[in-house]
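Here the structure comes first, spelled out in structure tokens, and everything after it is commentary.
Because the structure is predicted, anything quoted here is derived from the model rather than measured. One-based numbering, in listed order, for ligands and for the atoms of each.
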Amino acid sequence: MPALRSAAWFGATGKLGFYHRSHTKSEGFPDDLFDGRPVIGIAASWSDLAPCNAHLHQLAQSVKAGVWEAGGFPFEFPTLALGETLMRPTAMLYRNLAAMEIEELLRANPLDGVVLLTGCDKTTPAAVMGATSADLPAIVVTGGPMVNGRFRGVPVGSGTDLWRFSEDVRAGVMTPEDFVASEACVSRSNGHCTTMGTASTMACLTEALGLQLPGSAAVAAVDAARKVYGHLAGRRIVAMVGEDLRPSKILTRQAFENAVRTNVAIGGSTNAVIHLLAMAGRAGVDLTLDDFDRLGTDVPTLVNLKPTGEFLMEEFAAAGGLPAVMAEIADLLHLDAVTVTGRTLGEQLAGAPCYDRSVITSRQQPLLPPGRGTVVLHGNLCPDGAVLKLSAASEPLLSHRGRAWVFDTVEELNQAMDREDLGIDPDDVLVLRYAGPTGYPGMPEVGNLPLPRPLVRQGVRDMVRISDARMSGTSFGTVVLHVAPEAAVGGPLALVETGDWITLDVDSRTLRLDVADDVLDRRRRRWSPPPEEPGGGYVQLYRSHVLQADRGADFDFLVGRRGAPIPRQPT
Ligand code: FES
């Protein structure tokens with residue numbers, strides 16, 4: 001057993017030890033618990049304001065039971081709960097704040113290890129980022145997805161079917177009353193989104209990284225097995241403290257490469273690109289945007305879940321969950337990567353069964369052939385890169401040239417899309433800018449731009465869209481996202497004018513603005529940054545320090561590992 005940092009608090013003598021122990025005993029803990037056993041934090045990002053995480057306080061009780069059983073001393077504490085559905089302007093504005101809070105709480109308290117309870121989109125990467133920088137033994141337990149939605153006999157998935165219904169209402173093929181009636185049918189229990197959106201993706205990728213117990217990512221929030229995984233994680237973290245098994249030993253370059261490849265196999269969210277880049281930055285792993293394209297070329301998409309396919313997370317769990325997927329691509333993974341179990345990934349995946357090939361397809365008959373994950377584009381419109389999720393895009397649009405329609409705000413765009421007289425053609429290209437990390441601020445999920453109402457009525461369901469924003473992992477369409485540098489810092493996206501021609505060519509991985517360099521130079525000289533809204537406070541800190549999308553949109557001063565040295569305490 002390595003020296004425990006908690007001993008600096010609970011093992012102290014004199015008035016300092018008295019001070020630490022006495023107040024803690026006020027919670028009803030007997031003397032013998034302060035005997036030098038591992039002290040385990042349970043960081044629970046639960047809140048009534050974060051519906052996807054509302055059950056995590058209950059799940060924490062299972063974790064506690066496991067910690068007690070293994071001889072540890074558990075302390076549950078709340079962490080910033082970022083609810084995707086209620087927070088404005090976007091939960092992403094606060095991901096780095098949550099990561100900073102978790103890192104500092106781990107360092108400031110008498111903790112030897114931590115179990116991270118997460119769920120909704122940003123809570124998982126935030127917790128991993130914070131714990132990676134603090135580098136205490138850590139294990140993730142995600143809260144699990146909701147049970148499947150079902151509306152009038154038809155399965156409906158979070159997000160994906162909302163976007164579809166919303167376009168159906170605009171097209172006049174669904175009534176507003178039916179739209180409202182479907183609300184409760186989509187979200188039926190505790191848990192995160194039921195599709196392979198960002199929450200499911202990040203749950204799977206923490207398992208792929210080796211930070212979560214094998215088989216746990218897909219299990220529904222209300223399944224008893226979710227509590228069992230919580231209990232087992234509580235047991236395991238105590239052993240991990242004894243083994244000094246910290247994130248720095250798990251989050252290697254090999255682990256990140258496994259996660260990047262797994263993201264293609266599961267048809268995961270484009271948001272995974274941003275979050276994995278940020279997590280790698282904390283771990284000191286030099287993962288780049290281009291790695292996502294390079295590592296994805298030989299990986300097929302196997303998981304038949306919305307938005308890419310047809311099923312939902314309940315079927316995914318029943319089919320064998322992530323181990324079944326990773327076993328199928330085992331030859332493409334680094335099997336000697338170490339995981340929170342103390343075993344290698346290869347040992348864990350050996351013999352992982354698949355129970356339903358319609359949900360998790362085989363390598364021989366994949367849902368999509370290799371290389372249909374997220375591709376990375378370059379060109380004069382995105383010198384530092386942009387991403388496009390091929391599995392969510394329309395094949396005929398992957399090589400496309402069209403006239404740009406440019407919008408500077410979401411509001412302006414939404415109004416225009418409802419007009420009958422704009423004359424936008426299905427071959428045109430919609431551009432939204434000033435929605436990047438600095439510009440909005442917070443890089444909201446607005447990249448899946450709505451289509452012009454007259455075209456929707458004609459049955460048009462996809463057009464090429466380009467922005468410096470993100471899009472929900474539950475969305476679909478031929479949508480170029482994360483354009484870097486963003487318009488607000490003077491990226492070329494700021495220079496596009498309505499009527500310019502834009503060429504997208506996925507085969508050559510290029511996105512080009514077909515305007516002469518001297519014209520662009522003139523426009524650049526005329527350009528000035530948008531006026532900053534008066535503010536101060538956290539938003540000012542965010543704007544001043546957020547990195548561009550190709551660096552994971554972390555804060556520049558938070559990149560890297562700082563460990564958890566024991567802070568000084570005046571006596
Ligand atoms: Fe929370 Fe989708 S809104 S996971």
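Listed by atom number, the atoms of ligand 1 under 4.0 Å from D121 heavy atoms are 2 (Fe), 4 (S). Below 4.0 Å from some heavy atom of T85 lie the following atoms of ligand 1, by number and element: 3 (S). Near C120, meaning under 4.0 Å from any of its heavy atoms, are these atoms of ligand 1: 1 (Fe), 3 (S), 4 (S). In the vicinity of A199, heavy-atom distances shorter than 4.0 Å reach the ligand 1 atoms 4 (S). Near H192, meaning under 4.0 Å from one of its heavy atoms, ligand 1 places the atoms 4 (S). Atoms of ligand 1 found under 4.0 Å from any heavy atom of E84, numbered from 1 in the order shown, are 3 (S).
Between D135 and R282, no side-chain nitrogen of the basic residue sits less than 4.0 Å from a carboxylate oxygen of the acidic one, so the salt-bridge criterion is not met.
Annotation: Y94 is in aromatic contact with Y538 [ring centroid separation under 6.0 Å].
With a 6.0 Å radius and a threshold of 12 heavy atoms from other residues, nucleotides or ligands, K64 has its NZ atom above the threshold. Around atom CZ of R551, no more than 12 heavy atoms belonging to other residues, nucleotides or ligands sit under 6.0 Å away. For CZ of F557, the number of neighbouring non-hydrogen atoms (other residues, nucleotides, ligands) closer than 6.0 Å is greater than 12.
At the top of the distance list for atom 2 (Fe) of ligand 1, counting protein heavy atoms only, stands C193 SG, 2.1 Å.
Two residues are said to be in side-chain contact when any heavy atoms from C-beta on lie closer than 4.5 Å; P307 and K389 meet this criterion.
Atom 1 (Fe) of ligand 1 has an N, O or S atom of C52 closer than 2.8 Å.
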